[in-house]
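Proteins get letters first, then strands, A, B, ... in listed order; numbering begins at 1 in each. Atom set for the values below is all heavy atoms of this structure, side chains included, hydrogens, waters and symmetry mates excluded.
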Amino acid sequence: MIAFFIKRLGQALVVMIVISLIAFSIQDNLGDPLRELVGQSVSEAERQALRDEMGLNDPFLVQYWRFLKRAVKGDLGNSYFFKRPALEVIMEKLPATVELVMGATLIILLFSIPIGVYCAINPRNWFTRLMMGTSIIGISIPVFLTAILLIYLFSIELGWFPSFGRGETIVIFGGWHTGLLTSDGLMHLVLPSVALSSIMLPLFIRLIRSEMMEVLEQEYIRFAWAKGLTRRRIWFLHALKNTLLPVITVGGVQIGTMIAYTILTETVFQWPGMGFLFLEAVNRVDTPLIIAYLIVVGLIFVVTNTLVDLIYGLVNPTVKLTGGEA
Amino acid sequence: MPILEVNNLEVRFPMREGELIAIRDISFSIDRGERLGIVGESGAGKSVAAFAILRLVGRPGYISGGQILFEGNDLASLSPEQLRQFRGNQITMIFQDPMMTLNPVLTIGTQMIECLQTHKGMRRREARELAVEKLRSVAIPSPEARINQYPHELSGGMRQRVVIAIALLTDPEIIIADEPTTALDVTIQAEIMELLLELCEKHQVALILITHDLGVVSEITQRAIVMYAGRIVEEGPTRSIIEQARHPYTQGLINALPERTRPGQRLNQIPGSMPTLMQIPPGCAFHPRCEHVTDVCRTQVPDYTRFDHSRVACHWVAVQEQTSV
Ligand SMILES: Nc1ncnc2c1ncn2[C@@H]1O[C@H](COP(=O)(O)OP(=O)(O)OP(=O)(O)O)[C@@H](O)[C@H]1O
Ligand SMILES: [Mg+2]
């Protein structure tokens with residue numbers, strides 16, 4: 001167990017350093033931050049003085065080291081646009097994104113397992129054929145298109161769900177603004193969550209179905225039938241447990257990937273989260289904010305993967321949580 | 001009355017090229033506490049027959065004919081739910097490869113207790129105690145600890161002992177063991193076989209032992225069936241089959257036994273190989289490999305020639321019988 005954590009910590013550190021290096025080196029390639037800070041009227045000499053003062057003329061490694069030292073303390077610099085610490089700006093938007101991802105994850109879990117299992121058990125059924133067909137379509141339609149279609153249908157035509165913003169939020173512990181505790185907030189969450197899950201859900205249905213079909217062919221399932229167990233027990237215990245193990249691993253990675261999709265979803269739905277903020281930051285060449293975003297997302301990625309590995313190790317008896325297999 | 005009676009059982013597999021008949025005209029019966037061997041080369045249809053008895057033919061196969069009577073009752077007349085309660089209760093199975101038979105993500109205990117819960121309506125604690133006791137009876141050391149372990153923590157031999165314990169758990173009338181030692185280390189094969197024999201004798205359980213090893217059959221069983229290309233070619237008391245096999249195929253199998261071969265000599269294998277189900281020759285399926293082949297063998301499927309306690313499907317044997325009478 002301890003070896004497992006040390007190993008994961010080491011891996012996480014390497015990943016974070018790589019991300020920070022990438023994030024930091026973007027700085028030089030994203031336009032001139034000075035143009036954003038000061039107006040056109042400032043003379044070239046003054047600009048140079050300001051550059052020197054900000055350390056923008058120092059060698060790359062010196063700048064990176066300075067950046068790292070501050071980053072470890074949680075200081076990722078001030079946002080050029082908001083004139084406040086970038087990390088603070090990002091963290092304010094974190095709850096919106098996390099809740100959006102949670103909503104989508106919940107939808108995926110709630111639908112992919114029963115549908116995937118059903119399709120595996122009844123491979124020739126009309127519903128299975130329908131699901132297999134529509135899931136291919138679902139996977140191939142881009143998220144923003146799904147989002148626009150959803151807005152058109154459920155917001156404009158039917159008027160069931162709002163399509164804009166987070167709705168009413170309330171503050172819970174630690175300044176976390178949540179929309180999960182008000183009905184208005186929940187209504188606002190529906191369409192963005194559905195849109196965000198629109199690629200992963202069909203992907204998971206197909207994944208669970210194919211894993212389950214493979215498991216159902218195994219000798220131990222045949223033995224379970226020969227033991228005279230009920231269908232329920234064979235499908236939902238013997239087969240499902242073996243099916244979900246590999247799905248957990250893939251699922252963890254996919255949750256990370258979903259954060260990337262939030263940029264599109266949040267933009268279409270004007271969802272005030274990190275992804276929306278990130279796109280704005282890119283437009284404004286707000287480098288500190290971009291870097292802060294990349295680092296926070298990287299951190300989330302590392303943390304979720306570690307958690308997933310941990311859960312996988314706990315539910316899979318053939319994996320011991322030593323540094324080796326896990 | 002025999003405990004199990006199988007009459008003219010036939011199993012087919014619908015395939016793109018047409019229907020394969022995996023086993024045909026399989027008839028035999030087994031008494032309470034009796035031990036019956038089923039011998040045959042790979043692909044002869046032994047496993048298909050075994051699963052068909054439990055009405056568990058793998059898709060797309062189906063039972064296309066015949067009758068299975070357990071204590072005189074036709075299994076075909078049972079509802080799916082009654083059939084489920086019958087399986088793993090009155091007749092249990094031991095599979096070939098213990099590495100694949102046990103569910104890797106459930107503990108030994110879970111996989112044992114569930115049988116007692118479904119079939120005997122036992123409570124968890126009670127079932128657990130019985131499971132521990134059964135593990136002890138198959139000579140698993142420290143069963144109280146083992147019962148909480150997962151299959152991968154046990155060796156192959158230990159796992160097969162667990163499977164045997166599961167097979168005995170519900171006090172079945174019949175155990176069907178489909179090549180229970182083939183996948184094991186040679187050194188522990190005899191050990192497992194001996195254990196199985198001992199337990200069957202002790203509990204008066206009938207055993208249907210499927211194997212391609214005539215040697216094992218002669219040690220364990222009282223009666224034997226020889227299968228070839230989906231059909232029974234010879235049936236009789238094990239001793240008479242070993243000592244005076246009548247069917248040329250059975251004779252070939254016996255000549256191929258290592259004991260029958262002088263040291264340094266090559267095994268006396270029967271020339272040729274068993275046809276696949278798609279290319280079963282007309283007439284007697286064995287005729288292309290048979291040294292006594294005549295014209296009638298090439299065109300007519302042989303009927304059974306009956307003797308006191310045995311029967312043989314062979315034209316050559318039939319002709320000999322007629323001329324000797
Ligand atoms: N699921 C299936 N689909 C199609 N054909 C099958 C299937 N299962 C069995 N068969 C056919 O039935 C034949 C007999 O198979 P079976 O498994 O009973 O042989 P066996 O005598 O048990 O051989 P082995 O000694 O290798 O276990 C096979 O050769 C195959 O052609
Ligand atoms: Mg077999």
Contact summary for A:A226 and B:L54, nearest pair of heavy atoms
CB-CD1, 4.3 Å

By a 4.5 Å heavy-atom criterion (distance strictly below it), what part of B:F51 contacts chain A: side chain, backbone, both, or neither?
side chain

B:L83 versus chain A, heavy atoms under 4.5 Å apart: side chain, backbone, both or neither?
neither

Counting only heavy atoms closer than 4.5 Å, note whether B:L106 contacts chain A via side chain, backbone, both or neither.
side chain

Examine whether an atom of B:E114 lies under 4.5 Å from a heavy atom of chain A, and if so say whether it belongs to the side chain, the backbone or both; otherwise answer neither.
both

Look at A:K241, A:E217, A:R222 and state which one has the largest set of heavy-atom pairs under 4.5 Å with chain B.
A:R222

So with a 6.0 Å cut-off around CZ of A:F111, is the heavy-atom count from everything else above 12?
no

Within 6.0 angstrom of A:Y261 OH, more than 12 heavy atoms from elsewhere:
no

If one checks every heavy atom of A:R233 against chain B at 4.5 Å, the contacting part turns out to be side chain

May I ask you to decide if A:H238's main-chain N or O and B:N103's side chain share a donor-acceptor pair within less than 3.5 Å?
yes

So which of B:R87, B:Q111, B:M93 actually passes side-chain contact (heavy atoms from CB on, under 4.5 Å) with A:K227?
B:Q111

Side chain to side chain contact (heavy atoms under 4.5 Å, CB included), that's the test. Do B:V163 and A:F223 meet it? Break it down for me.
CA-CA 10 Å; B:V163 174; A:F223 188 60; 3.9 Å; yes

Can you tell me how far CD1 of A:I234 sits from CZ of B:R84, rounded to the nearest 0.5 angstrom?
8.5 Å

Among B:L102, B:I94, B:T92, residue most engaged with chain A (heavy-atom pairs, under 4.5 Å):
B:L102

Around B:E81, counting heavy atoms of other residues, nucleotides and ligands shown, do more than 12 lie under 6.0 Å from its CD?
yes

Would you call A:E219 and B:D97 a side-chain contact if the rule is heavy atoms closer than 4.5 Å?
no

